[in-house]
Amino acid sequence: MSLSLLAPIGLLALLGVLVPLALHLTRKATQQRVDFAALRWLKVQARPRRSWSLHERVLLVLRSTLVTLLALLLAAPVLTRVPAADLPWVVVVPGSAPSPITAGAKWRWLSPGFPDYAQAEPASGAPIASLLRELDAQLPADTALTVVAPSKLSGLDGARSQLSRGVQLRVMPEQPTASVTAAQLGSVRVALFEDAGSTQSTRYLKAAGVAWQTQSALQRRIELTVSNADSLVGKPSADWVIWLKRAVPAHLQAWLADGGTLLLAHDALLPARAEAVALWRDQAGKPLLVGSAFARGRLLQWTQPLSPATLPQLLEPDFPQHLRAALEAPPQAPNLAPSSQLLSAAKVSASPLRAQPLNTWLACFICLVWLAERWLACSPRRDASE
Amino acid sequence: MATPELIPPALRASLKGLRLQTRALSHASGFGLHASGGRGSGVEFVQYRAYEPGDAPRMIDWKLYARADRFFVREAERDSPLEILLLLDTSASMAQQDAQRPNYTRLDAARSLAACVVLLAHQQGEQFSLATINASDGLRLMPAGTGARHRDRCFGHLLGAQALGKAASDAQLRPLWQHTRAGSSVLLLSDGFDDALLDLATRLASARRQVLSVQLLCAEERDFPYEGGMQFHDVEAGVALVGDGKAMRAEFLQRFAQARAELAARFASVGIRHYSHFLDQALELPLRYLFARSAR
């Protein structure tokens, strides 16, 4: 149990002690009154020496104490209770191979709430570095900590984690996970809504849809369906929508805001959206396809009419790949790192946990001292002596 | 007898060697210890002289006539009493006291001196009167008289005197002239700061009264022991003076000593016997100076 100050700069307010000191200093001329009848032979020779003295010393002490306590209050004192040393902890990252529990240590899952290891394995995906930091802040300073982790970890910070204690890392082999087959990836439904006047441009898009179906088995299957724009009633039941009509109906916009991907023609009447980013540029750098976020969906738009004259890339052989790359959601940022990179050798100071703020107690004490000072200052005993 | 407050026993014992006497001739008639210089009926024999027409037949010494068969008149010294007026200044400046000896003011010393003189006068069978004077109460006079009762009345008057108010004015002092006559003694007990009283004393001395003066001063007025910032108050004038004691000392001592010397010279020039008494000295010193028994 130790007293510490959260804001030691508040102690600068101790300079305020000078205020009651100055108030109590009197430069009163120390004059002693004496009856003197032979005054006519006295001449004022010199000004009487004025001496400095402190009057009302008890009150001065009380007031200085008050100022000191106020300065202490400003400095936010806290009582830090160092918790007693605990058994060593062993935390296991979900996803590592099961390890036998050793006696003499606390086994926990590295998961929110740190459940007991004996319970069921929680879902992986929790931010590991954040949980480690939380655990490090909670545990007493001299409790040993061991982390059991698989060889690859996700959910880490941008830099190696710096904790306040040395942590032992035990790397376990990962659980064998089944390889993902193409059938598990699922398929994407693309709906193409054409207008009466856009039949020419849909040729190229239909050709791209055919090209998508013949792509490699490791990618998702894409199924393209073509229908008339006027036949759309309600929200489309597709993942991606290519809309070639100028007017964008409200239900389509609602579907877009819910999280759909919409590709519009260059002359579509767009709702207000954020700044567009070029997703496909030609060799000169001119954007051909721009995209932006719209609520939870993605809004893409051609910058040129879909005809070979204005968009020569329509005739290129890699047009389907470019179109697919633009329509696909941006890939997830890589966040796997080897677990040996988890910890840093540098240490941070332990956070003062369980710091009990003393502000209320100090404020009560200050009130008492202030009442005492007021009573002393205004008591009739003092008036009588004045 | 005198209460212990007025006359301490030591002072009472020192009164033994003292005697009220006068240099001047008093023309009062009556019984007394003092020689008047005039010839008349009395006790002390001076001479026999021949009878002259007009002498009272009573004064003829018949024994001598039987021997000499001629008329002779017996002459003796004529006794006359001493009349002494005690004038006590009871202005506020008389209430000043020394820091060394609080509760002993100038008025207390004056009271003791006056009581001693009253006692002496009573012992000698003289006539004595007592007057206290200040501006607020005016002149309070105990008329001349003799005897134990008169002495006790004087003591009572002394005990009841209080020092307050300013110094008396000339108009208030004027009635005193009726209570003194040429040849009588006046004893002035004052601090010497009131000009009206000093003028009265000089005029009385010029008018053939025998004036004795005791100037009562505090030891602090002689030494000026004040250090540091002081606030000097003149209670009579209501004036205050603020200054540093140490810095004012030399000049005050010089000016005050000069003023005292001037007063002594002024009194000496009109024949007033003057004594400056300081409160830290024994009270018998002024009495001894003024009334020591000396060979006539």
Side-chain angles (χ1 to χ4, degrees), chain A residues 14-68 372-386, chain B residues 89 91-99 102 105-107 163 166-167 190-195 215-218 220-260 262-263:
Chain A
L14 279 176
L15 289 175
V17 168
L18 293 175
V19 171
L21 207 68
L23 288 175
H24 279 249
L25 261 183
T26 48
R27 220 189 71 155
K28 87 181 157 197
T30 47
Q31 281 172 11
Q32 203 182 334
R33 194 187 183 281
V34 69
D35 287 332
F36 202 73
L39 210 64
R40 72 191 83 161
W41 295 285
L42 267 182
K43 204 162 75 165
V44 177
Q45 189 66 268
R47 295 193 63 78
R49 277 181 312 206
R50 294 169 188 263
S51 67
W52 298 91
S53 72
L54 290 172
H55 67 107
E56 299 271 346
R57 300 208 179 170
V58 179
L59 204 55
L60 173 65
V61 165
L62 259 183
R63 285 174 177 164
S64 306
T65 318
L66 203 59
V67 173
T68 315
E373 185 261 336
R374 281 289 93 203
W375 176 80
L376 199 64
C378 308
S379 72
R381 170 190 58 84
R382 185 167 174 268
D383 289 342
S385 71
E386 284 288 299
Chain B
D89 175 14
S91 59
S93 57
M94 294 294 284
Q96 189 176 335
Q97 61 206 16
D98 275 333
T105 62
R106 277 199 266 246
L107 189 63
K166 297 193 199 291
S190 159
D191 49 7
F193 299 149
D194 301 329
D195 297 324
Q215 184 184 25
L216 297 153
L217 296 170
C218 292
E220 287 164 358
E221 286 162 346
R222 177 192 62 207
D223 305 324
F224 205 77
Y226 303 111
E227 297 278 347
M230 307 296 298
Q231 204 182 32
F232 300 101
H233 270 260
D234 185 3
V235 191
E236 275 183 32
V239 174
L241 209 65
V242 165
D244 184 41
K246 203 168 170 187
M248 296 157 102
R249 184 176 301 146
E251 175 141 11
F252 169 78
L253 290 179
Q254 183 252 325
R255 289 172 79 189
F256 191 52
Q258 190 183 348
R260 288 206 315 268
E262 282 172 3
L263 180 64

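Proteins get letters first, then strands, A, B, ... in listed order; numbering begins at 1 in each. Note that the structure is a prediction, hence the values are computed from the model and not measured.
Rounded to the nearest 0.5 angstrom, A:L42 CG and B:D234 CG are separated by 10.0 Å. The CZ atom of A:F36 lies 5.0 Å from the CZ atom of B:F224; values are rounded to the nearest 0.5 Å. Here CZ of B:F193 is found 7.0 Å from CZ of A:R40. Values are rounded to the nearest 0.5 Å.
Partners of B:A92 by side-chain contact (heavy atoms from CB on, under 4.5 Å), not counting sequence neighbours, listed by chain and number: B:V235, B:E236. For B:V239, the side-chain contact (heavy atoms from CB on, under 4.5 Å) partners two or more places apart in sequence, or in a different chain, are A:L39, B:A237.
In terms of heavy atoms, B:M248 sits closest to A:K43 at CE-O, 3.3 Å. When all heavy atoms of A:A38 and B:F252 are compared, the pair lying nearest together is O-CE1, 3.5 Å.
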